[in-house]
Amino acid sequence: MNKLTFFFQGDELFVKLIKNSSYLFFASLISSLIGFVQSIILARYLGVAQYGLLALVFSYTAIVNQFFDFRVWEMITKYVAEYWSKNEKGKCLATIKLGYGIDVVSSLAAVLITILLSKPVARVVFHKPEVADILVVYAFSLLVTNVSNSSSAVLKVFDRFSWVGAQNVGRSVLSIVLIGIAVVLKWDLKSIIITYLATALISGGGFLFLAYVTIRKYLLGYKIDSRLRELKGRLKEKGKFLFYTNMNGFLSMFRDNFDTFILGYFRGPTEVGWYKVAKNFVTIFLRITDPVCYALYPQLSGLWVANKKTEIRNLVLKVSKTMAVLVGLIILFTLLFAPSAIKMAVGQDYLNSATALRVLVCMMAWAVLIWAGSLLLAAGRPELAFRAMCISILVTVAAQLILIPRWGYIGASLAYTINHFSWMVIVILILSRYKVFGFLFHAPLVVKRK
C-alpha cells in the first residue's frame, strides 16, 4: 500500500492525467457497456449473416472517409494547446477556423464519393446489389464524423473532459434507445441504419454546440485578430502535419476496416459476423485505454513546448507501468473465459468467435506504449509516426492477403494482432534512434543527499 501511495504522491502531471482521463474513462466504460449490450441485441436480432452485412456497411463508409479524413483534431490538439500556453488567442481561434473549414470540405467530398461508389461496391464486393440503398443512407453520417472529432478536440484542449464524457454517454443512450425501438417494432436492416444515422447527426450537433460554447467563453470574448494570416509563418508546417496525419488515418484503414472488407469478399457475411463479435469484445478493452490516450496528447504537447523532458519521461514511464498491469489482467481473463463469455453474451451461433477473441486480445500489449504516437505528434514529428504506421501496415496487408483467404476470420484476427506487435517494435526502434528522444532511455542524474 505504501508503494502504491508513493507511486501517485507528489506527481501533479500524473494526477492531472488521471483526473482528466477519469472523466473519459467512466464515460467510456458506460458507453462501452451500452454499446456492448446494443451489439448483443443486434447480433441476436439480425442473425450472423445480417449482422455481418451491417459490419460491412460500416466498414465501407469508414474506408471511404479515411481517404478524406485529415485527422484535423490532431492538428487542433497540438497547435491550439501550444498557442494557448503562449497566450496567443488569435492564433488559437484561427487554427480552429482552419480546422473546421477543412473538415467541412473533406466531409462533403467523402459523402459524394460514398454515394457514387455505392452501387458497384454493393454488386462487386458485397455480392448484394440491394445493399446500395443502405450505403447511400449511411453515407450522410460522414457530414458530422470529422467535425465531431474536431469539436471534441477543442473541448479537450480547454479541459472540458467532463463535457466530452457526458456527450459520449448521451450518444450511447440515444443509440440504444433507438435500436431498442427498431427491434421491438421489428424494423429491417435499412431502418436500423437510419437509427444509426439519426444518432450520428444529433450527437454531432451536440458536440458542435458544446465546442461553440467553449470557444465563445475562452476566445470570442476578446478583441483579437483571428484571420488565417495570423498563421502565415507556420501554414507550411501545419500543411505538413495534416499531410502526415491524413496518411496515418488512411493507413489505419487497412488495420481497422480493410480486414472486414477482405473477409467479406472471400468468406461472406457469416464469418464477418463471427469476426465482428470478437472485435466488439476487444473494442470494450480499447475503450478503457482510449481515455488515457486522449487525455495524454494535449498534456504532452504542453510539456514538449515547455521543454520539460524529465517530466515527460517520468509521466510516460508511470503510464507504461500502469497499462502493463491493466492489459496483463485483461489478456489473462480473456484467454481463460472467452468461450463462456461469447456463449453467454450472443449465443451458441457465435461460439466460433471465441478463438478469434483469444487471438485478438493479445494485441492489447500495444497499450504499454500508448503514449508513443502522441509523443511523436507533440514533438512535431508526424513523419515518424507515419513511418511506423506505414511499415506496420505493409506487414499487416501482406498478412491479411495471405491469411484471410486461407483461414478466414481466424486469419483476420492474426493479421490484426500482427499489426500491433509490428508497430510496437518499429516505434521502439524509431524512438531509440533519434537523439531528441534520448531522454526516454536515460534516467536523469539524481544526486543523493547525505
Side-chain angles (χ1 to χ4, degrees), residues 22-59 61-62 138 141 148 164-204 206 256 260 269-270 272-291 326 329-330 333-334 336-354 356-358 360-361 364 409:
S22 65
Y23 292 120
L24 300 182
F25 172 77
F26 287 110
S28 182
L29 181 62
I30 295 170
S31 298
S32 297
L33 291 174
I34 293 174
F36 185 62
V37 172
Q38 179 176 304
S39 69
I40 291 173
I41 293 171
L42 284 175
R44 288 180 175 273
Y45 174 69
L46 294 174
V48 179
Q50 284 283 294
Y51 188 65
L53 194 59
L54 179 68
L56 287 171
V57 171
F58 291 154
S59 293
T61 308
Y138 196 62
S141 67
S148 294
V164 176
Q167 179 67 16
N168 287 334
V169 171
R171 174 184 176 130
S172 298
V173 171
L174 175 63
S175 180
I176 197 170
V177 168
L178 293 179
I179 290 297
I181 293 172
V183 171
V184 170
L185 297 179
K186 297 183 179 181
W187 288 353
D188 60 7
L189 184 60
K190 184 176 181 180
S191 299
I192 289 174
I193 288 292
I194 291 175
T195 67
Y196 275 99
L197 173 62
T199 301
L201 295 177
I202 295 171
S203 175
D256 298 330
T260 304
T270 298
V272 172
W274 291 333
Y275 181 57
K276 179 63 176 176
V277 164
K279 254 191 168 182
N280 286 342
F281 276 84
V282 175
T283 299
I284 293 179
F285 305 146
L286 289 175
R287 289 286 183 90
I288 296 173
T289 60
D290 283 348
L326 179 62
L329 292 173
I330 289 173
F333 277 93
T334 303
L336 291 174
F337 302 112
S340 300
I342 292 289
K343 188 175 180 179
M344 182 170 51
V346 288
Q348 186 74 28
D349 291 343
Y350 291 90
L351 196 56
N352 287 336
S353 301
L357 176 57
R358 282 172 165 161
L360 286 170
V361 76
M364 286 295 298
Y409 69 103

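Reckoned from all heavy atoms, side chains included, excluding hydrogens, waters and symmetry mates.
Of all heavy-atom pairs between Gly52 and Val272, the closest is O-CG1, 3.4 Å. Across all non-hydrogen atoms, the minimal contact from Lys343 to Leu351 is CB-CD1, 4.0 Å. Minimum heavy-atom separation, Ser141 to Thr61: OG-CG2, 4.4 Å. For the residue pair Thr199 and Leu174, the shortest heavy atom distance occurs at CA-CD2, 4.1 Å. Shown here for Gln167 and Ser203, the closest heavy-atom pair between the two residues is NE2-O, 2.9 Å. Nearest heavy-atom pair across Ser353 and Ile342 is CB-CD1, 3.9 Å.
Interatomic distance, Leu197 CG to Ile202 CD1, rounded to the nearest 0.5 Å: 9.5 Å. With rounding to the nearest 0.5 Å, the separation of CG in Leu53 from NZ in Lys276 is 13.0 Å. Note that CG of Asn280 and OG of Ser39 are 4.5 Å apart. Values are rounded to the nearest 0.5 Å. To the nearest 0.5 Å, atoms CD1 (Ile179) and CG (Leu42) are separated by 4.5 Å. Ile34 contributes atom CD1, which lies 12.5 Å from atom CZ of Arg171 (distance to the nearest 0.5 angstrom).
Under the ring pair (Phe, Tyr, Trp, His ring centres under 6.0 Å) criterion, Tyr45 pairs with no residue at all, not counting sequence neighbours. Scored by the ring pair (Phe, Tyr, Trp, His ring centres under 6.0 Å) test, Tyr350 finds no partners at all (sequence neighbours excluded).
With a 4.5 Å cut-off on side-chain heavy atoms, Tyr409 and Asn352 count as touching. Residues Leu178 and Ile194 are not in side-chain contact: their nearest non-hydrogen atoms beyond the backbone lie 4.5 Å or more apart. Looking only at side-chain heavy atoms (C-beta outward), Leu46 and Ile192 come within less than 4.5 Å of each other. Under the 4.5 Å side-chain criterion, counting only non-hydrogen atoms from C-beta, Trp187 is in contact with Ile181. Between Tyr275 and Leu360, some side-chain heavy-atom pair lies under the 4.5 Å cut-off.
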Taking it one step at a time, do Val277 and Tyr51 satisfy side chain to side chain contact (heavy atoms under 4.5 Å, CB included)? CA-CA 9 Å; Val277 164; Tyr51 188 65; 3.9 Å; yes

Any chance you could lay out the side chain to side chain contact (heavy atoms under 4.5 Å, CB included) test for Ile193 and Leu54, step after step, and finish with the verdict? CA-CA 8 Å; Ile193 288 292; Leu54 179 68; 3.4 Å; yes

